[in-house]
Amino acid sequence: HPKDDRNKVPPPGPKALPLIGNLHMLGTQPHRTLQALAEKYGPIMFLKLGQVPTVVVSSPEAAKLFLKTHDLDFANRSKFQAVEMFFNGGKGIGMAQYGWYWRHMKKLCTLQLLSGSKVEMYGPLRRKELEMLVKSLCNASASGEVVNLSMMLKELSENITFKMVLGRKHESNRFNLKALVDLVSLAGAFNIADYVPILGIFDFQGIRKKVNKLRKSIDDTLEYIIEDHQNTNYDDDNNSPQKKDFVDILLSCLDQPMDPDEEHEHVITRNDIKAIIMDMIGATYESSTSAIEWVMSELLKHPSVMKKLQHEIQHVVGGINKQVEESEIENMPYLDMVVKETLRLYPVAPLLLPHESRNDVVVDGYYIKKNTRIIINAWAIGRDPRVWSENAEKFYPERFEHDNVDILGRDFRFIPFGSGRRGCPGAQLGFATIKFVVAQLVHCFNWELPFGMSCDELDMNETFGITIPRTTHLLAIPTFRLTAEAASNKE
Ligand code: HEM
C-alpha cells in the first residue's frame, strides 16, 4: 500500500548513482570516508554499495541498537563470492549464516578450543615461541642492529598460530601454507562481483580464477593435515592435554552428532573440520600481529608511557633477573590500559565483519529491509570526541584509569571484538596473546627509533583491508635490559 511505503523511511544517506551506487565515494580508506559521511548524515546512514543496500552504524548508541536490542535481526553475515566458492559455502563460523549449524559450531569452538582454560593450556606454547623471539632480539641487541619488528612479529604470529592450530611448525614443506594465507586474504579482498554481480561475470580482478587455482592445493594441504593427525599415535606420556592441538580436538568430534538432543542430527564431517581450521588460522593469523605492531608503535612515540609500563612490569615480576610469566599479566593494570587504548585507536577489524539483516526491521524509526548489509564503524566510534572527549585522537592510556571498560563488547564505546551473538569467540585468546608479547618485549628491552628519527617522524599510516596494519614496517633498535642469566629465562 503506497501509504505504508511512505511510512517506511530509510536512514538518511548520500545520493546513489546508477549501477555503482555510492561505491565511488569510499576511496582507499573506507573507515575514514564513512566516518566523515556519518558526520553529515548521522550515526545510522544508508548507502548503496553497488547493488548492495548498506547501513553504516557510527555511534555507541546506534551500535547498541544493532548488536544488542535487535541483535537477532542482524545476526546474519553477507555472502561473498570467494567465501562461497571456498569455505564449502560458509560452513565455518565467521561467514556462516545465522542458524543451528553456526550456533553449534560456535559453541563447539568456544568450549573446546577457546575457553579460558584452553587459553591457559596453550600458555607454554606461546611462551616457548616468544622465548625464541627474545633470543634473536638479544642477538640483535648485542650487535646494535636495527630490527624489522613487523616481520619478526609476523613470524612469531605464524609460529604461534600454526603450532596452536596445527601443532606443527610452519616450515614443514608438506603444508602449502602460503596458499592458505593467500586464500584468507582473497576472501577479504574487495571483489567487484560482490557489489555489482552483473560485472562479476567478467571477473576483471581475476579473483574467481585465483580462488579456483588455490582450491585444490588447499584441500590437499588440509587433507594432509588431517591424515597426519589421524596417524599420530599419542603414547600415554604424550597424551597430556598440552600435546593436543586444535586439530586433534576437532578430530575427536569427527563423525559425532553435533548435538544428539537437537532435531538437526548433523554429524560433523571432514569438510566441517576443514572449514573450521581455515577459520581459526584466518582469525588468529593477522589479528594479534597488527595489534602488537600498533602497541609498539605508540610506545615508541610515547617514551614516557613505555617507561611507566616497564616500571609496572618490573615491579610485578620482581626485578630484572627474569622474564615475564604469563600468570603475572593479570597484575598489570597499566598494561591492560595500554593495550585497550591501542585497540580503541586501531581496532584490528575497523568495520568488524559485515552483518546482514534477517528480516525487515524498524530501528530508531528507520526502516531497514531484509538482506541489508550492516557495517559497524568501530574505528569511528573509538575516535569520536563526543564519546572520548576532545583528546580522542591522542594516545592516552590513563583515560581507562577510572573507566574499566570490558573487552567483550558490553560497553558499546569500545567494540574491537564486536559484540553480541556474532562477537569474537577468540577475544580472550587474542587479548592474552597481545598483552603477553608486549609485556615481554617491553620488559626485556629498551626500544629506540632508528636512524636518529624523532618520535614525531614515525609514520603512523594504516592500510585498509579486513584489518588495518601499518603501511610501513616498524623498524626499531632493541637494547637488552635484563641481567645475563635472564636472557635464557633461567631464574
Ligand atoms: C586481537 C585479536 C582479535 C581481534 C581484534 C578479533 C576481532 C574480531 C571481530 C571484530 C570479529 C567480528 C565481530 C562482529 O562481526 O560483530 C571477530 C569474529 C570472529 N573471531 Fe576474532 N578477533 C581476534 C582474535 C581471534 C582469535 C584468536 C580467534 C580464534 C582462534 C578468533 C575467532 C573469531 C571467529 C570464529 C569470529 C566469527 C564469529 C561469528 O561470526 O560468530 N578471533 N573477531
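Order of appearance sets the numbers: ligands from 1, and atoms from 1 within every ligand.
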Q) Which bit of Trp102 is near ligand 1, meaning a heavy atom under 4.0 Å away: side chain, backbone, both or neither? A) side chain
Q: With atom 9 (C) of ligand 1 as the reference point, say which of Tyr98, Phe417, Phe246 has the nearest heavy atom.
A: Phe417
**Q.** Short side-chain donor-acceptor distance under 3.5 Å, His302 and Glu298
**A.** yes
Q: Report the member of Ala427, Cys424, Pro416 with the shortest heavy-atom distance to atom 21 (Fe) of ligand 1.
A: Cys424
Q) Strictly under 6.0 Å, is that where the ring centroids of Phe414 and Trp379 end up? A) no
Q: Please say whether Arg422 places an N or O atom under 3.5 Å from an N or O atom belonging to ligand 1.
A: yes
**Q.** Among Asp71, Thr284, Leu353, closest by any non-hydrogen atom to atom 12 (C) of ligand 1
**A.** Leu353
Q.
Tell me the contacting part of Ile376 for ligand 1: side chain, backbone, both, or neither, using a 4.0 Å heavy-atom threshold, strictly below.
A. neither
Q: Output the distance between atom CG (Asp245) and atom NE2 (His229), rounded to the nearest 0.5 Å.
A: 3.5 Å
Q: With heavy atoms under 4.0 Å as the rule, classify the contact between Thr433 and ligand 1 as side chain, backbone, both or neither.
A: neither
Q. How close does the nearest protein non-hydrogen atom get to atom 1 (C) of ligand 1, and which residue and atom is it?
A. Ile434 CD1, 3.6 Å
Q. How far is atom 26 (C) of ligand 1 from its nearest protein heavy atom, and which residue and atom is that?
A. Gly426 CA, 3.7 Å
Q) At what distance, to the nearest 0.5 angstrom, does CD1 of Ile276 lie from CD of Gln112? A) 11.5 Å
Q: Write out the residue and atom name of the closest protein heavy atom to atom 37 (C) of ligand 1, then the distance separating them to 0.1 Å.
A: Gly94 CA, 3.4 Å
Q) Less than 3.5 Å between some nitrogen or oxygen of Arg77 and one of ligand 1, yes or no? A) yes
(Q) Could you walk me through whether Phe66 and His355 satisfy the ring pair (Phe, Tyr, Trp, His ring centres under 6.0 Å) test, starting with their C-alpha distance in whole Å, then the side-chain angles of each, then the deciding distance to 0.1 Å, before giving a yes or no? (A) CA-CA 9 Å; Phe66 283 80; His355 290 231; 9.2 Å; no
(Q) How far is atom 35 (C) of ligand 1 from the closest protein heavy atom, and which atom is that? (A) Pro425 CG, 3.7 Å
Q. Is ligand 1 less than 4.0 angstrom away from at least one heavy atom of Ala291?
A. no
Q: Give, for atom CG of Leu47 and atom CG of Leu49, the distance between the pair rounded to the nearest 0.5 Å.
A: 5.5 Å
**Q.** Tyr195 side, atom OH; Arg373 side, atom CZ - distance, nearest 0.5 Å
**A.** 4.5 Å
**Q.** Gap between atom CG of Asp336 and atom CZ of Phe400 - 0.5 Å precision
**A.** 9.0 Å
Q. Do Lys301 and Phe395 meet the cation-pi criteria used here (NZ or CZ under 6.0 Å from the six-membered ring centre, within 45° of the axis)?
A. no
Q: Run the numbers for me: atoms of ligand 1, each under 4.0 Å from some heavy atom of Ala283, listed by number.
A: 24 (C), 25 (C), 28 (C), 31 (C), 32 (C), 33 (C), 42 (N)
Q: Say whether His355, considering both its backbone and side-chain N or O atoms, lies within less than 3.5 Å of an N or O atom on ligand 1.
A: yes
